[in-house]
Amino acid sequence: MASSMLKSAGEIQNLIFSQNQKLTHLARCGRIDEAVKLFESMPARNAVSWNCMISGLAKNGRVADARHLFDRMASKNLISWNTMIAGYSHNNRVLEASQLFDEMPKRDSYSWTLMISCYSRNGELERARWLFDSMPGVKTPVCYNAMIAGYAKNGMFQDAIVLLTEMPVSARNMVSWNSVLAGYTQNQEMVQGLKFFGEMQEKDVVSWNLMVEGFLQVGDLESAWSFFRATPCPNVASWVTMLNGFSKSGNIDEARRLFDEMPERNLVAWNAMISGYVQFLQIEEAYRLFGEMSERNSVTWTTMINGYIRIGKLEKARELLDSMPFKNVVAQTAMLTGYVQCMRMEEAVELFEKISTKDDFCWNAMISGYAHCGRMDKAVELYKRMPTKSLFSLNTIIAGHAQQGEMHKALEVFKQMRERNTVTWNSIISGLTQNGFYCDSIKHFVLLRNEGRKPDPCTYACGLAACAYLAALQVGKQLHLLLVKSGHVNDLFAGNALINMYARCGRISSAKQAFDEMASVDLISWNTLITGYALNGFGRETISLFKEMEVNGFRPDDITFVGVLSACSHAGLIDEGLKYFDSMSRDHSVERVAEHYACVVDLLGRAGRLEEAYKLVTEMPIKVNAGVWGALLGACRMHGNPDIAKFAAEKLFVIEPQKTSNYVLLSNVHADARRWEDVDRVRSLLKEIGIQKQPGCSWIDIKKKVCSFVSDDPMQPGATEVGFVLEMLCAHIRNTEIMPWSSLLDCG
DNA sequence: ATAGGGTTAG
């Protein structure tokens, strides 16, 4: 008995060794909870066990737990310190990593390289270079490569190449070359990338894969395919990259063909194929593959769960989550997001509280859920509960406030943030635009650039939208210039905003030109252009664009028809308008909404066919909204029909009692018909509910004193002088090309 | 068991 209990030192060593291997395996699969359990149950551990656990926790996003273990570790070795720094580096915690680097008792070349790579990856190239230059001893190839990759990823191609040429030839290896190449391909610089690829002395399969992925990212499927075909020895990654390229560009059948043809398939390949089907909402096919798989990991499960969420089968998704053999926070967050999107907050909370290791994404899903349904109080409360606050979550809070129309709160949070990213700025800029603070929106665009940050397509789209609303053509033109220089000009989102800006500034030919110059267009581009032509009164052109759109294979939607119908109305194309109104549901299966009726009422009204307009409204199968009643009332004003006007106005008084113009309009109709009693009645009605027409008013502050100006008030002090100056300014404006903010935007 | 380039999931 006793002899079997006693294990020799060798046996104990063997046990530790095998359990350490198991730990590594579990950590690599993301099964970190199981790894923790195993670690805690181990009868004996060595430094490797501890280091392995620290690394595993950090790589699974639990950097705080990793640090806790590190602090508890009695006999830390150099590798423990390096591992902890790597852990911080993986989680982009530059500050903590550098603190540890400063504190550590001894450093080796690993420590230096880790820190250099940490700075590099986070865009702090100057610090990285400083460390690189002050590093003692011979620099390893890895160290050179980390520095090169840092330069290349941040678009500093020249610095990357200089270092590549400077490094000892003996140290230069495939990774060095590929790091530079990856810089080009990942920054969508395929022209330069292709040139560099051609100049590379040797290429391996990674180089080819980078080229394929690069072409896919710029949407050049053809080149991607020919590079894939030309790859000398494609590996699984090559196949998966191409497969993914097919499914992302809408060719699921091609993707499947590739999957079937692959010489070998690993878990990643299976996951990519499932993900393809999920993107296509072919969940049954995804599930069939899922069933055929001999091995699944958390990615597999998460993809499948997401699939069911995307088709609205939350119960099935939950069933999958519950049957997952090892739950991880990613899958749980996917489910959480599903609940949140369906506004099922009780279930979301219940799941959220169950998740033992909440990471940034998990917290943020919950916070954005509350923001999404307008519960900003809850969102803020949750944010305060977060153990380590993430930038991500603060961005969500800002966006939430903006959505609720509480820009002052959003700006308050924004001002207090010590760290901001492009998303932060975009949330503020888009919030300002959406809430009507157009000038502030553009000002923040300028501020962002002054901070040295690069606007992304979304920033441009928001800035251009602000210009569109302001009809600020000059600023809009400058944004256009910057957009071209930034290289985002082929982005759909930004391109569509550009069309809209020109159209709303009355420059329809520039709008058309922007449309024509786009690399590819979507339905929104067409709608924006069509609406733009309509807005500017080009009836015939709108209709021919509509036809052109159909020829190009785009199917019109409800917004297209609002554009077409309003164009017909503005241009007096009565028969065409009625024809489209008839055909939209019959030939295009687009259901009529209230806006369409409003257009047609307006159209009939303008043609003096009031009775028909009235009949249309009374027979509407859907709820009549203020827009329709307003169009009817407007038509009555044009053609003098006090009876219908009264009918429409009374409806409007219920829907929007605060809108003064409705009362004024009705009173005018009565006045035109010389029905003075009715005029008095409307006027007294207006007084009764205490509404007064607000006179136009503006103000400026001069020397801490606010001077206000009320429109049409000749009694105002200084009115004559102000009028004179104004006259002069107007003359000046007519003779000058104004470039507001031109110095700030600095188009160079 | 710790550092560099390429593929999948929130």
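To find a chain, count down the sequence lines: A is the first, B the second, and so on, and within it residues start at 1. These values consider heavy atoms only, across backbone and side chains, with no hydrogens, waters or symmetry-generated copies.
We find that CZ of A/F361 is positioned 6 Å from C1' of B/dG10, with the value rounded to whole Å. Taking atom CD1 of residue A/I148 and atom C1' of nucleotide B/dG5, one finds them 11 Å apart after rounding to whole Å. Distance A/F39 CZ to B/dA1 C1': 12 Å, rounded to the nearest Å. In this structure, A/N122 places its CG atom 13 Å from P of B/dG4, rounding to the nearest Å. Protein atom CE of A/M73 is 13 Å distant from nucleotide atom P of B/dT2, rounded to whole Å. Rounded to whole Å, the distance from CG on A/L164 to C1' on B/dG5 is 13 Å. The nearest whole Å value for the distance from the OH atom in A/Y144 to the C1' atom in B/dG5 is 18 Å. Atom CE in A/M135 sits roughly 12 Å away from atom C1' in B/dG4 (whole-Å rounding).
Checked against a 6.0 Å centroid threshold, the rings of A/F290 and A/W270 do not count as neighbours.
Non-hydrogen atoms lying under 4.0 Å from DNA chain B are contributed by A/I79, A/N82, A/T83, all within residues 75-86 of chain A. Against DNA chain B, the stretch residues 102-114 of chain A makes heavy-atom approaches under 4.0 Å through A/Y110, A/L114.
By the side chain to side chain contact (heavy atoms under 4.5 Å, CB included) test, A/R121 is found to be paired with A/S89, A/S117, residues two or more places apart in sequence or in another chain being considered. Scored by the salt bridge (charged side-chain N to carboxylate O under 4.0 Å, His left out) test, A/D65 finds A/R62 as partners (sequence neighbours excluded). Checked against ring pair (Phe, Tyr, Trp, His ring centres under 6.0 Å), A/F132 has the following partners two or more places apart in sequence or in another chain: A/Y144. Taking A/D133 as the reference, A/R129 meet the salt bridge (charged side-chain N to carboxylate O under 4.0 Å, His left out) condition, with sequence neighbours excluded. Listed by chain and number, the residues in a salt bridge (charged side-chain N to carboxylate O under 4.0 Å, His left out) with A/R28 amount to none (sequence neighbours excluded). A/E222 pairs by the salt bridge (charged side-chain N to carboxylate O under 4.0 Å, His left out) definition with nothing, not counting sequence neighbours.
Contact annotation: A/K22 side-chain N/O to B/dA1 OP1/OP2 distance is not under 4.0 Å.
Surrounding CD of A/E103 are more than 12 heavy atoms belonging to other residues, nucleotides or ligands, all under 6.0 Å away.
Sorted by first and then second residue, the ring-ring contact (aromatic ring centres under 6.0 Å, His included) pairs involving residues 41-61 of chain A (not counting sequence neighbours) are A/F39-A/W50. Sequence neighbours left out, the pairs with a member in residues 234-247 of chain A that pass side-chain hydrogen bond (donor to acceptor under 3.5 Å, both in side chains) are A/N209-A/N235, A/N209-A/S238, A/N235-A/S238. For the side-chain hydrogen bond (donor to acceptor under 3.5 Å, both in side chains) condition, the pairs that include at least one residue of residues 334-346 of chain A, sequence neighbours left out, are A/E315-A/R344, A/R318-A/Y339, A/R344-A/E347.
The residue A/R45 sits apart from the nucleic acid: no heavy atom pair falls under 4.0 Å. A/K139 comes within 4.0 angstrom of no nucleic acid atom, judged by non-hydrogen atoms across all strands.
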Can you give me the N/O atom pairs linking the protein to nucleotides 6-9 of chain B at distances under 3.5 Å, or say none if there are none?
from  : atom 1 : to     : atom 2 : distance (Å)
B/dG6 : OP1    : A/Q186 : NE2    : 2.9
B/dG6 : N2     : A/N235 : OD1    : 3.4
B/dG6 : N2     : A/N235 : ND2    : 2.1
B/dT8 : O2     : A/N271 : ND2    : 3.1

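Closest approach to the A/T140 side chain among B/dG5, B/dT2, B/dA3 is made by B/dA3 (side chain taken as heavy atoms from C-beta onward).
Below 30°, between 30° and 60°, or above 60°: for A/F196 and A/W177 the angle between ring planes is between 30° and 60°, a tilted geometry.
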